[in-house]
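Each chain gets a letter, A, B and so on, in the order its sequence line appears, and its residues count up from 1. Quick caveat, the model's predicted, so the values are computed rather than measured.
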Amino acid sequence: MTDLIRAELLKLRTLRIFWWTIAATIAFVPVSIAQAIFAKPPSVGLDSSEGIRNVFSAGASGGVLVLLIGIVVMAGEFRHNTVTSTFLITPDRKRVIAAKLAASSLVGVALGIITSLLTLAIALPWLANRHVTLAGHGTDIAVVLLGGIAATAISALVGVGFGALVTNQTLAIAVALIWSFAVDGMLASFLPGVGRWTPGGAASALSGVATANGGLLPIWAAAALFTAYGLAFAGAGSRLIMRRDIP
Amino acid sequence: MPAIEINGLSKRFGGVAAVDDLSFTARQGAVTGFLGPNGAGKTTTLRMLLGLASPTSGSATIDGKPYAQLADPARHVGAVLETTGFHPGRRARDHLRVLAAAGGLPSACVDEALGQVGLAEAANRRVKGFSLGMRQRLGLASALLGRPAVLILDEPANGLDPEGVHWLRQFLRGFAGNGGTVLVSSHLLAEVAHTVDEVVIIANGRLVTQSSLADLTSRSQSGVRVRTPDAEALRGALAAEEIAAELVGAEMVMAYQTTTEAVGLTAAGAGLVIYEMTAERLDLEEMFLELTNNQGAIR
């Protein structure tokens, strides 16, 4: 199994697009922090719990990109027909899918840790400079950053599962992006009662975003819900791959 | 025991039988050519043999086991399908490193396989710059990674230049000569005629014939073309002598597996006039076309 996870990580590491993706995610962290500091809704004070959480939710910047990485890890095999060699070397498809889930979540955890550390490195001095006292917000920060790491890792499971269900990579990525940036956002704004239950709503709540105030689930409920989404997509996707014919 | 055994294998897609009750074998130490026109069901058969597609019925085994149940498939069987692909952005060596890691093979295998197929110099180039022939070589390198005893190659000569074809021929002969088993598919008999010991010919998903190349060659070389005003009468006379013949034109009869002497004697015995008679060497390719066309239109 370690061999297979190593192989899946090697597949990612040997593609330039992977490193560009990682670089883009890291570059987005300061943008996200700046957004939370300058474009905060007037109702939310920067030194309030919500304000702090919004700033530190930049630690979950990698969520959508790890979702896409998960999709590429699975659907990309069909896009370039490398799936044939993959299943020839390892005919036990269950192990291949397990390795893909493990490798993608490892990337998610690693990226989540990097973006979290970067968030701390940028946000702490920035907030200090603006005379925001962080005393008493230690727990908020810790929960938000850990939640962000978890959300990033679980996004990988959703991505691999979704990529297994929709093996047309272009279609899968288009659907994932439209869903993440348009549908989820609209639901959260206009139908918060529904929006809080979507994967995106759960991921936002888990990574501590507090802007969509009141609409989102409490962080622990969101953790359970997003994990359930991850397992459901991964489970349904693997069932399909187990049974289907490979070109 | 044959190394590869296909037994009553069928695959239906909707109402269409892509492979229909197909049985054949490939033995160890020989190169077996798996021949048929495009669309005959070769790739589908190989996909079932390699556990990528599940048969509607029947079985396909390698050394007595379905591919998916082999203990260490990477070290046992090397296979390249026509559909095998590469990520265009990955370097050739990295493509093999990934497969070696997944198969638990030492990384030294990678450079060895690249050297074997003559790609050592291109090892650090990205696959998007590769010609079709180089992709074929890279595919073959991936099949050779685990030093397998069985090679299954789908149209490996496609895109190879004449030098590459010659090299492939030598390579497969050497592989079988060392006790390996080779099953190699092609839609051109001529392409593999110098390589194979045995041929399995299929058309429309069904077996047309399995025989040794020598048998096929001897069957193909003896035809006699006769121009006569009494074509139908001659055909009847030949049939009475158990010589297979058919009308191939208004005044033309083609007699198979026979000699000009036999046809001449038969015609004289029946008192038939002959204007012209030619011994024809139906070459292998024509024979192949004839065998596969008789099975209906090419899909």
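Of all heavy-atom pairs between B:R90 and A:K11, the closest is NH2-O, 2.8 Å. Shortest non-hydrogen contact noted between A:F87 and B:Y67 is O-CE2, 4.5 Å. Heavy-atom minimum distance, A:T14 versus B:R126: O-NH1, 4.4 Å. Minimum interatomic distance between A:I89 and B:P73 (heavy atoms only, all atoms of both residues): O-CG, 4.0 Å.
Residues passing the side-chain contact (heavy atoms from CB on, under 4.5 Å) test with A:T90 are A:L4, A:R95, A:V96, B:A102, sequence neighbours excluded. Listed by chain and number, the residues in a side-chain contact (heavy atoms from CB on, under 4.5 Å) with A:D184 are A:W179, A:T198 (sequence neighbours excluded).
Residues of residues 76-84 of chain A placed with any heavy atom under 4.5 Å of a heavy atom in chain B are listed by number as A:H80, A:N81, A:T82, A:T84. Contacts between residues 152-164 of chain A and chain B, defined by a heavy-atom separation under 4.5 Å, are made by no residue at all.
Of the residues considered (A:L15, A:L9, A:I17, A:T86), A:L15 shows the highest number of contacts with chain B, using heavy-atom pairs under 4.5 Å. Chosen from B:D94, B:L145, B:L81, the residue pairing most often with chain A at heavy-atom distances under 4.5 Å is B:D94. When B:A53, B:A100, B:G104 are compared by the number of non-hydrogen pairs under 4.5 Å with chain A, B:A53 comes out ahead. Among the candidates B:L70, B:L99, B:L50, the residue making the largest number of heavy-atom pairs closer than 4.5 Å to chain A is B:L99.
With hydrogens and angles ignored, the 3.5 Å screen pairs a side-chain donor or acceptor of B:R47 with a backbone N or O of A:I246. Between the A:D3 side chain and the B:G103 main chain, no donor and acceptor come within less than 3.5 Å of each other.
The 12-atom threshold is not exceeded at CZ of B:R147, counting heavy atoms of other residues, nucleotides or ligands nearer than 6.0 Å. Within 6.0 Å of CZ in A:R239 there are 12 or fewer heavy atoms belonging to other residues, nucleotides or ligands.
In this structure, A:R6 CZ and B:R97 CZ are separated by 9.0 Å, a value rounded to the nearest 0.5 Å.
Looking only at side-chain heavy atoms (C-beta outward), B:L52 and A:L88 come within less than 4.5 Å of each other.
Contacts between B:S142 and chain A at a heavy-atom distance below 4.5 Å are absent for every atom of the residue.
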